[in-house]
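By convention here, the first residue in the shown sequence is residue 1.
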Amino acid sequence: MYAVWIMLGITLLYLLVLVPIQYRYLVHVKHDMEKSTLSQDAYYDSKPLWEQNAHYSMHNPLLIPANLVASLIIKWKHRN
């Protein structure tokens, strides 16, 4: 029984730490894409190498749950 509570606590801590990071990142990318007139491929190709690497590392499989939650929050907060 304690193992379930420990796993639940770890999951909650994981989401509380990573969701705000992913949220800020996704909002930043969304605003940059809206300001840019480039296609998505050209937009990312025009970025410096360090920013391309940062974008690539944000697609880590360990970040998928936080990315999904952050995307849902963005869709909910920024709906028309």
Side-chain angles (χ1 to χ4, degrees):
M1 185 65 176
Y2 289 118
V4 172
W5 287 108
I6 290 172
M7 292 300 291
L8 187 62
I10 290 171
T11 303
L12 184 62
L13 181 64
Y14 165 83
L15 288 175
L16 287 174
V17 170
L18 290 178
V19 167
I21 294 169
Q22 286 294 101
Y23 176 81
R24 283 187 219 116
Y25 172 73
L26 292 173
V27 167
H28 171 73
V29 169
K30 182 178 177 183
H31 287 298
D32 272 359
M33 289 289 292
E34 288 173 353
K35 289 192 295 186
S36 175
T37 59
L38 301 172
S39 68
Q40 187 173 6
D41 288 337
Y43 170 78
Y44 286 114
D45 287 341
S46 70
K47 295 294 178 185
L49 183 61
W50 66 269
E51 199 166 337
Q52 289 180 15
N53 286 340
H55 175 73
Y56 178 74
S57 67
M58 291 303 249
H59 295 295
N60 186 331
L62 294 175
L63 296 175
I64 290 174
N67 197 1
L68 289 174
V69 172
S71 296
L72 290 174
I73 291 171
I74 288 171
K75 286 181 183 179
W76 181 71
K77 285 180 91 174
H78 300 281
R79 66 180 184 253
N80 291 335

Drop me the distance from [X]'s [atom1] to [Y]'s [atom2], to the nearest 0.5 angstrom.
{"X": "Y14", "Y": "L62", "atom1": "OH", "atom2": "CG", "answer": "6.0 Å"}
{"X": "L13", "Y": "L8", "atom1": "CG", "atom2": "CG", "answer": "11.5 Å"}
{"X": "K77", "Y": "L72", "atom1": "NZ", "atom2": "CG", "answer": "13.5 Å"}
{"X": "Q40", "Y": "D45", "atom1": "CD", "atom2": "CG", "answer": "10.5 Å"}
{"X": "S36", "Y": "H31", "atom1": "OG", "atom2": "NE2", "answer": "14.5 Å"}

Within-4.5 Å side-chain heavy-atom neighbours: W50 and N53 = no
Student check: side-chain heavy atoms of K47 and D32 closer than 4.5 Å | yes
Tell me the closest heavy-atom pair linking [X] and [Y], and the distance in Å.
{"X": "M33", "Y": "Y43", "answer": "SD-CD2, 3.1 Å"}
{"X": "L38", "Y": "S46", "answer": "CD1-OG, 3.9 Å"}
{"X": "L26", "Y": "A70", "answer": "CD1-CB, 4.0 Å"}

Would you kindly confirm whether L15 and I64 end up in one hydrophobic cluster when ILVMFWY residues are joined by side chain heavy atoms under 4.5 Å apart?
-> no
Apply the side-chain contact (heavy atoms from CB on, under 4.5 Å) test between Q22 and each candidate in I74, L68, L63; give the one that qualifies.
-> L63
